[in-house]
Amino acid sequence: MTLLAVLSHLNRADGSATYTHNGYAIIGAVNGPIEVQRRDEMPEEATVEVNIRLAVGIGSPKERHLESLVHNTLRSIILTRSIPRTLVQITLQVTSLPEEEAASGVDSACTLLPHLLHTALLALLSASIPLSTALTSVVIAVPASASSKAGTTMLSPTAKELLRAKPIRATHVFAFSGNRKLLLSQSMGVFAYDEWGEACEMAEDVCCRDEGGVGLGEDMEVKGGQGNLEEWLRSVVQKKVEMEQRWRVAT
Amino acid sequence: MPREAEVSVNEREFIYQALQENIRLDGRALDVFRPLELTFGDEYGVADVQLGKTRVIARISADVTAPLPERKFDGIFQIITEFSPMASPAFEVGRPTDAEVILSRILEKAIRRSNALDTESLCIIAGLKCFALRADVHIVDHDGGLIDASCIAVMAALQHFRRPDVIVEGEKATILSAREREPIPLSILHQPLCVTFSYYEDGDIFLVDANLAEEQVRQGEVIVTMNRHGEVCQVAKYGGATVDPLALLNCTNVALEKVKELSKYIQNRLEEDAKKKDAGGLMAELSAENDR
């Protein structure tokens, strides 16, 4: 699994991030706080605007739906009340999708959503927009055939894995805040409430930092080749800050 | 959606004064391009152009549709340029600015109407099926010179793109995937590139490849599109400055020199990329391309 992120690489935007993961590549840019148009202005809060642009073709209702999901999730972590009557403009440009994406038969709204959220968060951090907490998100897929070896739930599957495990019965997307609070739960397909609960717990394990110790982190390394998402997020930002603070450390 | 911050009077004067002394803010000579960088994606038909601080990504994709009823033997080729707030907060989604309209019009004239791409080769079955090619131009970072950068990006992406091969049996056409047969490059007739000249001091001084600050204080611009054989595809002039007709001839001479440099660079990069993709040295054997 290759999670890669580059921060603040665009000159014009206030904050930017490029995020690459399993064939998904997204460029995120944030402008803010900037002047807001009169009709969107809110007296006690900042306006958040999210634009999602596809690699190929112009936006459709599907993108509008994704935009509203990302918008509502981010609004809950941006401290909109501390920058009232301004605009925070978030643009997410998808630059490439995995080849198997279209054939996997899973709605791309679900598979793309965690990546969009991560990109947006990194861009927001890069633009120094006041946030109440960080956010991590993961997609979980449940294949229909329980008999096959892939009958178990799949954690953050790649497009190839999804194609192989076809047909998929249900997909869930969860987003958690830094203090282990559920921010977003988007599910599609057929599933029982118990299954949803299980998936939710599984996602929480991957998303949130384990306060107990090292045990879980190592365990995950063996299973998915991936540490904790929150830790990864922290390390990306930490590296960037260290890089920027070299002049201070050197003296 | 705030307006683009205008250059202040002092800054404007400063740029003018420097230009009169033949100095540009970034230390370039008056007729020099910013450093150009061109990278290709893993997929075919993705070109990422960086011209100084300007960055443009062009992406070509192909689809199969029915051709237009009045053009039965031609495929469809479209260039889509839509600015996003990523490049500048002044760009609003769904409301094209003048710059956007001019960009799409120039690209249309320079690439589509100059027949850079042989659309007839995109036809599969006359009147029934053809390839619809579409070039999406994404402006990622905006620091002037969008027209030049986009033109380079689209042309490079077109040359990099490979379309799937087809087998036609009577009225039935089968599209072969990349696994079944190696995709074929497009038939490109010539490579037009744009060079923008910015005019100052009522046409006395001109600059090649102005950056955003220089673009904002210019009085007029002349866009010359030509290919490396010296054939002029189009000349467009915007803005109020008067330009001497003889000066235009000079422009085409300068443009030819620049276009030759640029095409050579693009060609080099394409060859490097082809070499990288041709890992086992089997490409020549696999190729399903017919000689023109």
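Computed over heavy atoms, backbone and side chain alike; hydrogens, waters and symmetry mates excluded. Below, chain A is the first sequence line, B the second, and so on; all start at residue 1.
By the 4.5 Å heavy-atom criterion applied to side chains, A:I27 and B:I57 are counted as neighbours.
Using a 4.5 Å cut-off between heavy atoms, A:R38 does not touch chain B at all. Contact annotation for B:V140: both backbone and side-chain heavy atoms come within less than 4.5 Å of a heavy atom of chain A. Contacts between B:E43 and chain A at a heavy-atom distance below 4.5 Å involve the side chain alone, from C-beta outward. Contacts between A:L54 and chain B at a heavy-atom distance below 4.5 Å involve the backbone alone (N, CA, C, O). For B:I60, no part sits under 4.5 Å from any heavy atom of chain A, backbone or side chain. Both the backbone and the side chain of A:R12 come within less than 4.5 Å of a heavy atom in chain B. Within the 4.5 angstrom heavy-atom criterion, only side-chain atoms of A:N31, from C-beta onward, approach chain B. For A:S96, the parts lying near chain B are the backbone and the side chain together; criterion is any non-hydrogen pair under 4.5 Å.
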Going through the checks in order, is the side-chain contact (heavy atoms from CB on, under 4.5 Å) test met by A:Q89 and B:M86? CA-CA 9 Å; A:Q89 196 174 43; B:M86 183 177 276; over 6 Å; no
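Residue with the most contacts toward chain A among B:S84, B:S61, B:A135: B:S84 (heavy-atom pairs, distance under 4.5 Å).
Minimum heavy-atom separation, A:V56 to B:D136: CA-OD2, 3.8 Å.
Atom NZ of A:K240 has more than 12 heavy atoms from other residues, nucleotides or ligands within 6.0 Å. At most 12 heavy atoms of other shown residues, nucleotides or ligands fall within 6.0 angstrom of atom NZ in A:K160. In this structure, A:Q245 places its CD atom where more than 12 heavy-atom neighbours from other residues, nucleotides or ligands lie under 6.0 Å away. Counting non-hydrogen atoms of other residues, nucleotides and ligands closer than 6.0 Å to CZ of B:F14 gives a total of 12 or fewer. The environment of B:K277 atom NZ is dense: over 12 non-hydrogen atoms of other residues, nucleotides or ligands sit within 6.0 angstrom. Other residues, nucleotides and ligands contribute over 12 non-hydrogen atoms within 6.0 Å of the CZ atom of A:R64.
Side-chain N or O atoms of A:R53 include one that pairs as donor or acceptor with a backbone N or O of B:E82 at under 3.5 Å.
Here the OG1-CZ distance, from A:T95 to B:R59, works out to 7.5 Å after rounding to the nearest 0.5 Å.
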